[in-house]
Asker: 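Below are the C-alpha cells for one structure; questions will follow.
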Amino acid sequence: KLACYPNAKVLMCYGCMKEVNQYDNIKAVYEYFKDNNQVFIKEFEGDCLGVSGHPSEQCHTEMAQILKQEIIKIMNW
C-alpha cells in the first residue's frame, strides 16, 4: 500500500525523453508494486525535437491526449 494515501493510484510514465538508461529501473519499480492494483505504467515514444532532447510541443500535446485516455481507463470514468 501507499502509506500516506492508501487509495491513491500511481501512473508511472516514461520514454518521452528516450531516457533508455532509466527503463530497467522504472520497470523494476513497477514490477515491485504492480500487484497492489494501484500502480500503472505507460511508455511513451518521445521525439526529442524540443530543447536539450526534450519532447516537442506537438509531442507533449499528443502524450497529453494519450495520458488523458489512460487516466480515464484507470479511474473508470
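Along the sequence shown, the residues carry numbers beginning at 1.
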Asker: Could you check whether Glu62 and Gln58, counting side-chain N and O atoms only, form a donor-acceptor pair closer than 3.5 Å?
Answerer: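 Yes, side-chain donor-acceptor contact under 3.5 Å.
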Asker: Minimum heavy-atom separation for Cys16 and Met63, please, with both atom names.
Answerer: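 What the structure gives for the nearest pair is CB-SD, 3.3 Å.
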Asker: Please test Glu57 against His60 for side-chain contact (heavy atoms from CB on, under 4.5 Å), starting from the C-alpha separation and ending with a verdict.
Answerer: CA-CA 5 Å; Glu57 182 178 349; His60 275 284; 5.6 Å; no
Asker: State whether the side chain of Glu43 and the backbone N or O of Gly15 hold a donor-acceptor pair below 3.5 Å, judged by distance alone.
Answerer: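 Not a single qualifying donor-acceptor pair exists.
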Asker: When you group the ILVMFWY residues by side-chain heavy-atom contacts below 4.5 Å and let the links chain together, are Ile74 and Val10 in the same group?
Answerer: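 Hydrophobic grouping puts Val10 apart from Ile74.
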Asker: In chain order, what residues pass the side chain to side chain donor-acceptor pair (under 3.5 Å) check against Gln22, with sequence neighbours excluded?
Answerer: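 In terms of side chain to side chain donor-acceptor pair (under 3.5 Å), with neighbours along the sequence ignored, Gln22 is linked to no residue.
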Asker: Closest approach of Ile26 and Met12, non-hydrogen atoms and distance?
Answerer: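 Heavy atoms only, the tightest pair is O-CE, 3.4 Å.
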Asker: In terms of hydrophobic clustering (I, L, V, M, F, W, Y; side-chain heavy atoms under 4.5 Å; direct or indirect links), are Ile41 and Phe33 co-clustered?
Answerer: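 Hydrophobic grouping puts Ile41 with Phe33.
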Asker: With rounding to the nearest 0.5 angstrom, report the CD1 to CD distance, Ile66 to Gln69.
Answerer: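 Interatomic distance, Ile66 CD1 to Gln69 CD, rounded to 0.5 Å: 9.5 Å.
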Asker: Within the 4.5 Å heavy-atom criterion, are Tyr32 and Val39 side-chain neighbours or not?
Answerer: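 No, every pair of side-chain atoms sits at 4.5 Å or beyond.
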Asker: Can you tell me how far CD of Glu70 sits from CG of Leu11, rounded to the nearest 0.5 angstrom?
Answerer: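 Going from CG on Leu11 over to CD on Glu70, the span is 6.0 Å.
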Asker: Could you name each residue pair satisfying ring-ring contact (aromatic ring centres under 6.0 Å, His included) that touches residues 11-30, not counting sequence neighbours?
Answerer: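 Pairs touching residues 11-30 that pass the test: Tyr14-Tyr23.
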